[in-house]
Amino acid sequence: MCDRKATNLNNVNSKNIFTIECKDLVLREFQVEDLDAIYNITLQSEIKEFLPDWIAPKEKRREWLTKYEIKENKEFLDAVPNIPNIKGHALRLGIILKETNEFIGWIVSGLKDELPPPNREIGYAISKDHTCKGYGTQAAQGLIKYLFENTNTDVLNATALTYNTPSNKVIEKCGFRLMGTIEIEGHDFYYYKLSKSQWIDENKES
């Protein structure tokens with residue numbers, strides 16, 4: 001179960017920030033102070049393999065964070081509930097472990113150009129030090145719940161490389177239905193969809 005609220009976290013100088021609270025995690029909008037954690041996770045071999053678009057020198061990563069990602073988060077949240085289907089409206093949330101207040105990854109909702117519309121996708125990354133603990137599923141379920149309950153999003157997409165078994169399992173646990181395979185930049189991905197009506201039906205008793 002995850003809930004949206006504004007809260008204060010002691011590693012972001014007690015600023016009011018957007019969060020989604022989950023059982024073991026807090027999902028919260030990116031902050032400038034997250035730079036080192038984000039950069040260090042992008043150096044991990046698994047991120048290099050599965051999310052190469054996140055790889056950049058530290059100063060370029062700083063530029064992306066301060067000039068684009070934080071700004072786009074604000075634009076996304078200011079537009080709620082009517083999120084327009086334009087590329088700049090992406091939501092990027094850090095995944096924070098409640099027990100230690102550690103930044104252990106991120107979860108994102110944005111438009112996937114390679115998919116047919118409506119092409120809003122969710123994707124995530126978890127540090128190798130915190131995999132296989134259910135955190136990816138928990139974070140994805142929290143963001144899905146927020147988007148379907150608080151925005152005009154009616155359909156969500158997800159993709160994962162066909163051989164990325166852990167990510168495919170997370171997607172399936174979240175109720176996405178496999179639509180087939182799609183080739184993106186020369187690689188084969190499984191392509192999934194989840195509709196709001198389907199999600200409501202599957203969570204009636206939750």
Heavy-atom side-chain proximity of [X] to [Y] below 4.5 angstrom:
X: T162; Y: F189; result: no
X: W64; Y: K60; result: yes
X: F18; Y: Y146; result: yes
X: W106; Y: I126; result: no
X: V108; Y: L91; result: no
X: I96; Y: I104; result: no

Taking atom [atom1] of [X] and atom [atom2] of [Y], what is their separation to the nearest 0.5 Å?
X: L111; Y: N119; atom1: CG; atom2: CG; result: 5.0 Å
X: T66; Y: Q31; atom1: OG1; atom2: CD; result: 12.5 Å
X: L147; Y: L194; atom1: CG; atom2: CG; result: 10.5 Å
X: S45; Y: K128; atom1: OG; atom2: NZ; result: 7.5 Å
X: I20; Y: I107; atom1: CD1; atom2: CD1; result: 8.5 Å
X: N157; Y: K193; atom1: CG; atom2: NZ; result: 4.0 Å

**Study point:** Other residues, nucleotides, ligands: >12 heavy atoms within 6.0 Å of K133 NZ
**Key:**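 More than 12 within 6.0 Å, yes.
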
[X]: what forms a side chain to side chain contact (heavy atoms under 4.5 Å, CB included) with it, not counting sequence neighbours?
X: D129; answer: S127
X: K112; answer: E114, L115, E121, T159, I184
X: P118; answer: V155

Exam field: side chain [X] to backbone [Y], donor-acceptor pair closer than 3.5 Å:
X: N168; Y: L161; result: yes
X: Q138; Y: K23; result: yes
X: E69; Y: F30; result: no

Identify the heavy atoms of [X] and [Y] that sit nearest to each other, and give their distance.
X: L65; Y: V32; value: CD2-O, 3.8 Å
X: P84; Y: A79; value: CD-CB, 4.0 Å
X: T137; Y: C174; value: O-SG, 4.0 Å
X: I122; Y: A140; value: CD1-CB, 4.2 Å
X: A139; Y: L27; value: O-CD1, 3.5 Å
X: E29; Y: N73; value: CB-ND2, 3.8 Å

Check your understanding: Which residue pairs pass the ring-ring contact (aromatic ring centres under 6.0 Å, His included) test when at least one of the two sits in residues 110-141, sequence neighbours left out?
Key ->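 Of all non-adjacent pairs touching residues 110-141, none passes ring-ring contact (aromatic ring centres under 6.0 Å, His included).
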
Please name all residues satisfying salt bridge (charged side-chain N to carboxylate O under 4.0 Å, His left out) with [X], sequence neighbours left out, ordered by chain then number.
X: K98; result: E21
X: E75; result: K71
X: E72; result: R92

Review point. Partners of K48 by side chain to side chain donor-acceptor pair (under 3.5 Å), sequence neighbours excluded?
Key: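 Side chain to side chain donor-acceptor pair (under 3.5 Å) list for K48, sorted by chain: empty.
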
Scan the side chains in residues 49-58 for donor-acceptor partners under 3.5 Å anywhere in the protein, sequence neighbours excluded, and list what turns up.
{"from": "E49", "atom 1": "OE2", "to": "Y163", "atom 2": "OH", "distance (Å)": "3.2"}
{"from": "K58", "atom 1": "NZ", "to": "D36", "atom 2": "OD1", "distance (Å)": "2.5"}

Review point. Would you call D34 and R28 a salt bridge, using N to O less than 4.0 angstrom?
Key: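 Result for this pair is yes, salt bridge flagged.
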
Check your understanding: Relative to each other, are the rings of Y192 and Y190 parallel, tilted or perpendicular (30° and 60° limits)?
Key ->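 Because their plane-to-plane angle is over 60°, the rings of Y192 and Y190 count as perpendicular.
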
Review point. R62 and E59: salt bridge (Lys or Arg N to Asp or Glu O under 4.0 Å), yes or no, with the steps?
Key: CA-CA 5 Å; R62 186 193 306 276; E59 287 310 306; 3.1 Å; yes

Review point. Using links of under 4.5 Å between side-chain heavy atoms of ILVMFWY residues, direct or through other members, which residues join L43 in one cluster?
Key: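 L43 shares its hydrophobic cluster with Y39.
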
Exercise for review: Name all pairs fulfilling the salt bridge (charged side-chain N to carboxylate O under 4.0 Å, His left out) condition that reach into residues 176-188, sequence neighbours left out, sorted by first residue then second.
Suggested key: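 Pairs touching residues 176-188 that pass the test: none.
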
Review point. Linking I/L/V/M/F/W/Y whenever their side-chain heavy atoms sit closer than 4.5 Å, directly or via other members, would I171 and L178 fall into one cluster?
Key: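 In one cluster: yes.
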
Review point. With sequence neighbours left out, what residues match F148 under ring pair (Phe, Tyr, Trp, His ring centres under 6.0 Å)?
Key: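 Result, ring pair (Phe, Tyr, Trp, His ring centres under 6.0 Å) vs F148: W199.
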
Exercise for review: Verify the distance criterion only: is there a donor paired with an acceptor across the side chains of R120 and S109 at less than 3.5 Å?
Suggested key: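 Yes - a donor-acceptor pair under 3.5 Å links their side chains.
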
